[in-house]
Amino acid sequence: MPELAEVEYFRRQWDAGKNAAITEVLVHPKPKLFRGIDVPALVRQLTGARIVDSFTHGKQMFFRFRPAATLGIHLGMTGDLSIASADAPQGRHDHLVLRQKARSLVFSDSRMFGRIRFMAGAEKPEWETGLPPGILTPQFTAAFVDEALRRRGGTPIKAALLDQEFFPGIGNWMADEILWQAGIEPHRRCKTLTAPERKRLHTATRAISKKSLEKIGKKLHDAPAKWLFHVRWRKGGDCPRCGAPLKHATIGGRTACWCPRCQPAK
DNA sequence: CAACCTGTTCGCCA
DNA sequence: ATGGCGAACAGGTT
């Protein structure tokens, strides 16, 4: 489920436990999501610590602690953050549980495609400093998008939009939404996009990210009316703009949905 | 029962 | 070396 705005939504779930001491740390017996991490050290460091800040970048979440440490959580395909009671038993898919006096902060992920990162100390980890420009920052310019499309020249635009090095936070439904709103057919190779199309792509990417954060960032699955979002899941839907039957195909290994009339093939 | 899935990474091949 | 593609990962849902 989680793309840009949904990741932001889940990050906020843990705000309830901000500044409260962590009394106990539970981790999943399988270390898959902790790959490359010294798990006992993480448990030691976070026991007694407090979350003092948190933020997201694309699909990546960051939590800062005092004593100084940074926890990174990626939700993968099926992860979520939630609040449970202070004595809630650890669920089968709960990979990290931070106990507090009044509640538990839970990271659950049934399909185990998520990832946990951790670094003790005040220094920023390289998995934070090495990130590309966020879509809603001034550095995410039309020129940046042009360069991304040049680099991914022969790739279908739908697949390129899923590249987190260039479009951090964009996932499958957002990519379909962007192309639909920009009127670009998803198979189009990046290098064949015209200057006006590239401009529309940049504009739509920013607008949809902003709107998503305003709406979905507060309440899950509450995308604006009239968006493709509401009809793209199942086959047989019609274009919310023109009413034409939507098309579906696999592009770059993922399901794509588009309107053949609003997004004509060249 | 088989197919499908809102993500990422790896290995293969051109 | 580089770009692009398909498979793999694992469990739940349709």
Side-chain angles (χ1 to χ4, degrees), chain A residues 1-11 28-37 56-61 72-82 91-95 107-117 127 130-132 135 147-181 186-193 205 208-209 211-213 215-217 219-224 227-237 246 248-258:
Chain A
M1 169 185 310
E3 300 181 24
L4 187 85
E6 290 133 338
V7 173
E8 172 65 11
Y9 173 85
F10 284 123
R11 178 194 66 78
H28 196 277
K30 282 191 197 157
K32 171 148 197 273
L33 272 61
F34 293 89
R35 57 188 179 279
I37 290 185
T56 61
H57 183 285
K59 298 174 189 171
Q60 179 71 46
M61 291 185 279
I73 297 181
H74 192 296
L75 297 170
M77 198 87 106
T78 51
D80 68 66
L81 299 195
S82 62
R92 191 156 73 93
H93 301 302
D94 295 348
H95 294 269
F107 167 35
S108 186
D109 178 14
S110 64
R111 213 167 153 191
M112 300 206 286
F113 289 176
R115 181 166 185 177
I116 293 171
R117 310 193 206 229
W127 35 273
L131 292 168
I135 287 170
E147 174 62 10
L149 298 185
R150 194 189 63 73
R151 293 268 296 276
R152 312 301 265 109
T155 305
I157 182 60
K158 170 62 194 282
L161 279 170
L162 300 176
D163 187 338
Q164 301 300 296
E165 283 303 306
F166 295 119
F167 301 98
I170 301 302
N172 208 26
W173 78 254
M174 287 187 81
D176 282 353
E177 192 74 44
I178 289 165
L179 293 174
W180 178 70
Q181 294 195 21
H187 292 94
R188 297 276 304 285
R189 307 275 153 172
C190 291
K191 63 184 168 200
T192 70
L193 295 200
T205 300
I208 288 164
S209 296
K211 200 71 179 171
S212 298
L213 283 168
K215 297 275 278 183
I216 299 170
K219 186 166 178 291
L220 225 44
H221 288 192
D222 192 19
W227 275 22
L228 183 67
F229 178 92
H230 301 286
V231 294
R232 66 174 293 281
W233 310 107
R234 61 171 213 291
K235 309 233 185 282
L246 296 169
H248 298 264
T250 298
I251 304 174
R254 319 213 71 79
T255 301
C257 172
W258 73 100

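Remember, predicted model here, so these are calculated numbers, not experimental data. Here is how names work: the chains are called A, B, and so on, in the same order as the sequence lines, proteins then strands, and each is numbered from 1. Side chains included, hydrogens not; waters and symmetry mates left out as well; all remaining heavy atoms used.
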Restricting to side chain to side chain donor-acceptor pair (under 3.5 Å), what partner residues turn up for A/Glu147, sequence neighbours left out? A/Arg150
So what stems show up for DNA chain B if we need 3 or more Watson-Crick or G-U pairs in a row, all under 3.5 Å? B:2-5 with C:11-14, B:7-14 with C:2-9
Is A/Phe113 stacked on the base of B/dT8, with ring centres under 5.5 Å apart and planes under 30° apart? no
Please state how far atom NZ in A/Lys32 lies from atom P in C/dC9, giving the value in whole angstrom units. 9 Å
CZ of A/Arg150 versus C1' of C/dT2: gap in Å, rounded? 13 Å
Taking atom types as modelled and ignoring hydrogens, do the side chains of A/Asp109 and A/Thr78 form a donor-acceptor contact shorter than 3.5 angstrom? yes
OP1 or OP2 of [N] versus the side-chain N and O atoms of [X]: is any pair under 4.0 Å?
{"X": "A/Gln164", "N": "B/dG7", "value": "no"}
{"X": "A/Thr78", "N": "B/dC5", "value": "no"}
{"X": "A/Arg151", "N": "C/dG3", "value": "no"}

Each nucleotide of nucleotides 9-14 of chain B classed B (base within 4.0 Å of a protein heavy atom), S (only sugar-phosphate) or -, in 5' to 3' order, makes S-----
Does A/Pro168 reach the side chain of A/Ile135, with side-chain heavy atoms less than 4.5 Å apart? yes
Per the atom types in the model, does the base of C/dG4 pair as donor or acceptor with the side chain of A/Arg152 at under 3.5 Å? no
